[in-house]
Visitor: 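Let me begin by handing over the structure; questions about it come next.
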Amino acid sequence: QHLPHRSGPSAVLVSPRQKGNPILTHIRSVPWEYSDIPADYLLGATTCALFLSLKYHRLHPEYIYSRIRALKHKYLLRVLLVMVDIDNHEAPLNELAKTSLINDFTLMLCWSAAEAGRYLELYKSMEHTTPASIKNHAATSYAESLVEFVTTPRSVNKTDAIALVSAFGSVRAAVNARPEEIGLIAGWGEKKVQRWTSTVREKFRVRK
Amino acid sequence: MREKMYARGGIFSVTSRILVIDLLTSLLNPETLTGVMVLHAERVVATSLEAFILRIYRQRNKVGFLKAFSDNPEPFTTGFSPLATMIRNLFLRKPSLWPRFHLTVAQSLEGQEKAEVIELEIPMTDAMRDIQNAVLECVEVSMRELRKANTGLEMDDWNVDSALHKNFDVTVRRQLDPVWHRVSWRTKQIVNDLTVLRGILQYVLNYDAVSLRRYLETVLAAHAPPPGSNRQSQSPWLFLDAAHTIFETAKRRVYTGVGNDEGVQRGLPDGLRPVLEEQPKWAHLAEILEEIERDTYFNPPIRDDSNGAILVMCGDESTCRQLKEYLQTMHVRPENLEEGEGEQEDGPGARPSAAYMMRRKLRNYLKWKKDFAKVSASLFAENQKALKGSADFQRGSEAYRGKAPPNKRRRVRGGSIAASAPSRTADGSIQITEDQAPHVTELLAEVQPTETETKQKYEIAADPLEDMEDYYELYEINDLVIVHPYDGDMDEHILEELKPKYIIMYEPDAAFPRRVEVYRSSHSNRNVRVFLMFYAGSVEEQRYLSAVRKEKDAFAKLIKEKGTMSVTLTLDGKGAEEPQEKFLRTINTRIAGGGRLAATAEPPRVVVDVREFRSSLPSLLHGRNVVVVPCMLTVGDYILTPNICVERKSVKDLISSFKDGRLYNQVETMQLYYKNPMLLIEFDQNKSFTLEPFADMSGSVTSHTDLQSRLVLLTLAFPRLRIIWSSNPYQTAEIFEELKKNQDEPDPIKTVSIGLADGEDPADQTYNQTPLEMLRAVPGVNAKSAGALVLEVESIVELSNMEEEEVSALIGVEAGRQVNKFFNRSVFNE
């Protein structure tokens, strides 16, 4: 899996086969250059991508397999970037799902050239990013997390959340409030009250 | 335990989710069932659990009976040949329709004496009408805005008339659903606004003036724009003059402001004085009750089976509470009421009034308002700052709008904003004119409880209905006035139990008169008198009428369809496992590899997590002749082969599970135990097959919070993770079948034990989803510490009451501090 670094690591390497592909015009925030590589795009030391438009796939179903074969087992993350540009996408996508499993490809779908370009940009720019932002809970302001917390039970909306907390003063008091007390707040019908009070009192774990 | 119960026999009513699992695990053998009854047949759609249950039942049991009932004809009228489809889903042959206008039905209901119904049209007050009209105007403008933003959509029927329908916001949402991922952020906001507006429309009629005002203020606070946004992120209806009317009129119903003409005439000092408009229905209700009293006094009732009780039916619990309070306090009078307000005719026959109640409400409101100002200050301090920062910018753009004449309509609109300037903030949105503090104090002083008032106990407000059972026998049943909300099928029990002689329908309800009719004709020796109250020319009235009309139309349609329907049925309920198909599968496997002959004997099998039965996928897999094995899985949702483990996420789940880091952990454990971890991104059947648009984030690679960059991060972190994209559950089922070809079948026992520590019982691992989601929303809690917390803490309530040290001991000092702060931070100070 060794790869030659001919250009700086900051550029996306593009196979000359992709010349004329409209998605190239959408790669703007990272530099790119042509290079003779087996994949279509080289997005990092161990990441490459093949591009496939479903319209093309319908006409030349064997094309993608020959490309996959040529790629052998190189690269760690092999992205198959598929542009969904036809209406009857079910059959080809089912087939590609299977193919991606057998040939170790990660299937990514996009619906426009702009989206495809963005994916390529993202892969390149996040090459060294740690996954912290999807690993932990995203930090938000107090008001935001408060609203998120209170609106978790179904049918409780933002207005209700603010009415609830302002009526009781703190989240703790709101959680501990009795159903009759909450029912007095405008906007809180009995269904909502019932949902809220039962959810906060419900046990996390179901024991049999 | 359930197995024993089933074995004993009898009639069971089981929730669908439990029943389907019991049937699949053969805890309940379908062959032993005598029959199945389905209530609410209108909810059985092809992908529902109920249809799944019926399919299993019919597959294994061909002699048992199967009956389905529905009392709601409307769902049977949407879509292509809806009745036939429904019948097919239910594996039934013959539908029978019994509309109200059917001769037999009419005869049996009207054969004997008819129930006496007195309709009372009550005029709304001017203020109420003003508010209602203003809300409708807001709705219209919002609708127009929607139409403009989504030109490609079929929305001829989006007009104010449809706004009269009870669920018009839901209807709009459903129409937008197929493209929901693509519609702009603004459209989504407007759709949310419609929900709010519908709420206001309802509350104008139901709530008393003070509560309405309070609700409106909360709405306004909640609609303050989020911090840091300098685009026009406010809801468009808030910019309208009509919105101004809503808020102003609502306020005038509570108290009048400084320098008001009335105030001057009365020679009162400048300042605020309470108005406290009463709901017109209250007085009428009191009148009716009085009339009934007189009636029973002068014409002693003919002895019959019914009690003398009076039943008041109203829309919901809060209206109930309001009426109870009113009825209890209507004869209490505050002594220091101004002259000329009917005080002279004080005496036993005094006109009932809600003054006492309203004054008490106003007091509470003023108290609340003081707190609320603090709350919004502390909660939305950032917003206000951000707003101020952007105000200049917006004013600039508005000024531009006003001057530049590129578009006539624009100019008019800009002008109108300027015209009603005084009560608006710089960014043109409505702002409640804050009354000066001294005036508020004055007002508060004026409504201070008088002596008579304080004598009345405070407990009235929270008179819980549950107590009724305890004290029920203490009162003579004939003297009771019972206030109760409409409650669907339960209403029949109420009627049966109370045997009321008088029923007052405080709000119209289409279904309730039917129940009264049935009650009336099943007890020929009971007399019932029904009073129906509604506001003339109100949304309430319109809604009632259109509900009645819709039902009639639905029946007409159904009768027509029944006449032309041709039903072809495969009674065995199989998706037809043809012998040929079986043969082909055997051949296929043989070609693939000689070594896998064992698989040919077995039908394909998928292990499914029991929690997944909420989705329609297990049902569809079963429909494709895959054996579905429900198990309690710790890792993954679907196990297709010994190597393939699939985590299913709808787009909505995907976004939320990225946000709280859950997905990362799930994928991490999946790849620990399985060779081929897979993430299935499943779109909704009716929604468009595409992710969010990029429009708002073009070119900015710096922010990594959108779905696409999160997906990229995930695949970078887990190169072995495969992603399956599926536009709907049907396609997913196909893909699963494809993936399973030529592979070994999974072993349920092994899959269950995967991911569990030694000696752990899988049953311990079941969680209640909603509280768990709430837990994850608490700042300081991540997926790992959530795991630690649920082991030690029982519920959200318990967590909220824990000391900081206790929490810290479980999840660490910093996180514990955050959790504690979240729960205990007071919104009043700071």
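Note on naming: letters A, B, ... go to the chains in the order of the sequence lines (proteins, then strands), and numbering restarts at 1 for each one.
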Visitor: Between CE of B/M678 and CG of A/L107, what distance do you get to the nearest 0.5 Å?
Guide: 9.0 Å
Visitor: Is chain A contacted by the side chain of B/L721, its backbone, both, or neither, given a heavy-atom distance below 4.5 Å?
Guide: backbone
Visitor: Report which part of B/F822 has an atom under 4.5 Å of a heavy atom belonging to chain A: side chain, backbone, both, or neither.
Guide: both
Visitor: Out of A/L76, A/T47, A/T106, A/T46, which one pairs with B/P719 under the side-chain contact (heavy atoms from CB on, under 4.5 Å) rule?
Guide: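 That would be A/L76.
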Visitor: Could you tell me which of B/N676, B/L716, B/L772 has the largest number of non-hydrogen atom pairs under 4.5 Å with chain A?
Guide: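 Between B/N676, B/L716, B/L772, the count favours B/L716.
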Visitor: Under 4.0 Å between a side-chain nitrogen and a carboxylate oxygen: does that hold for A/D104 and B/R722?
Guide: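 Between B/R722 and A/D104 there is a salt bridge, with a charged N closer than 4.0 Å to a carboxylate O.
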Visitor: Is any side-chain heavy atom of B/S709 less than 4.5 Å from a side-chain heavy atom of A/R118?
Guide: yes
Visitor: So, taking the atom named OG in B/S726 and the one named NE2 in A/H89, what distance separates them when rounded to the nearest 0.5 Å?
Guide: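 Answer rounded to 0.5 Å: 9.0 Å.
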Visitor: Distance only, no hydrogens: is a donor on one side chain within 3.5 Å (strictly under) of an acceptor on the other, for B/Y215 and A/T159?
Guide: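 Absent: no donor and acceptor within the cut-off.
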Visitor: Rounded to the nearest 0.5 Å, what separation is found between the OH atom of A/Y119 and the OG1 atom of B/T715?
Guide: 9.0 Å
Visitor: Can you name the closest pair of heavy atoms from B/E794 and A/K203 and give their distance?
Guide: OE1-CE, 2.7 Å
Visitor: Select, from B/I724, B/L739, B/V793, the one with the greatest count of heavy-atom pairs under 4.5 Å involving chain A.
Guide: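 Highest number of heavy-atom pairs under 4.5 Å: B/L739.
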Visitor: Do you know which of A/V175, A/V200, A/L77 has the most heavy-atom pairs with chain B at a distance under 4.5 angstrom?
Guide: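 Looking at each option in turn, the highest pair count goes to A/V200.
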Visitor: When you check the side-chain N and O atoms of B/E738 and A/N94, is any donor under 3.5 Å from an acceptor?
Guide: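 Looking only at side-chain atoms, A/N94 and B/E738 do not form any donor-acceptor pair under 3.5 Å.
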Visitor: Report the distance from atom OG of A/S166 to atom CZ of B/R214, rounding to the nearest 0.5 Å.
Guide: 7.0 Å
Visitor: Is a donor on one side and an acceptor on the other found under 3.5 Å between the side chain of B/W725 and the backbone of A/L93?
Guide: no
Visitor: Just so I understand: if I count every heavy-atom pair under 4.5 Å between each of B/I723, B/L775, B/I644 and chain A, which residue has the most?
Guide: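 Top count of heavy-atom pairs under 4.5 Å with chain A: B/I723.
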Visitor: Quick check for you: among A/V171, A/I102, A/V193, which has the greatest number of heavy-atom pairs under 4.5 Å with chain B?
Guide: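 Of the options given, most contacts go to A/V171.
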Visitor: What part of A/N176 gets closer than 4.5 Å to chain B, counting heavy atoms only: side chain, backbone, both or neither?
Guide: side chain
Visitor: Indicate yes or no: at least one non-hydrogen side-chain atom of B/S795 is less than 4.5 angstrom from one of A/E202.
Guide: no
Visitor: Side chains of A/S170 and B/R825: closer than 4.5 Å at any heavy-atom pair?
Guide: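 Sidechains of B/R825 and A/S170: no contact.
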Visitor: Output the distance between atom CZ (A/F204) and atom CE (B/M774), rounded to the nearest 0.5 Å.
Guide: 9.0 Å
Visitor: According to side-chain hydrogen bond (donor to acceptor under 3.5 Å, both in side chains), who are the partners of A/S53, at least two apart in sequence or on a separate chain?
Guide: A/D85
Visitor: Taking atom CG of B/L711 and atom CG of A/L122, what is their separation to the nearest 0.5 Å?
Guide: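 Rounded to the nearest 0.5 Å, the CG-CG separation comes to 10.0 Å.
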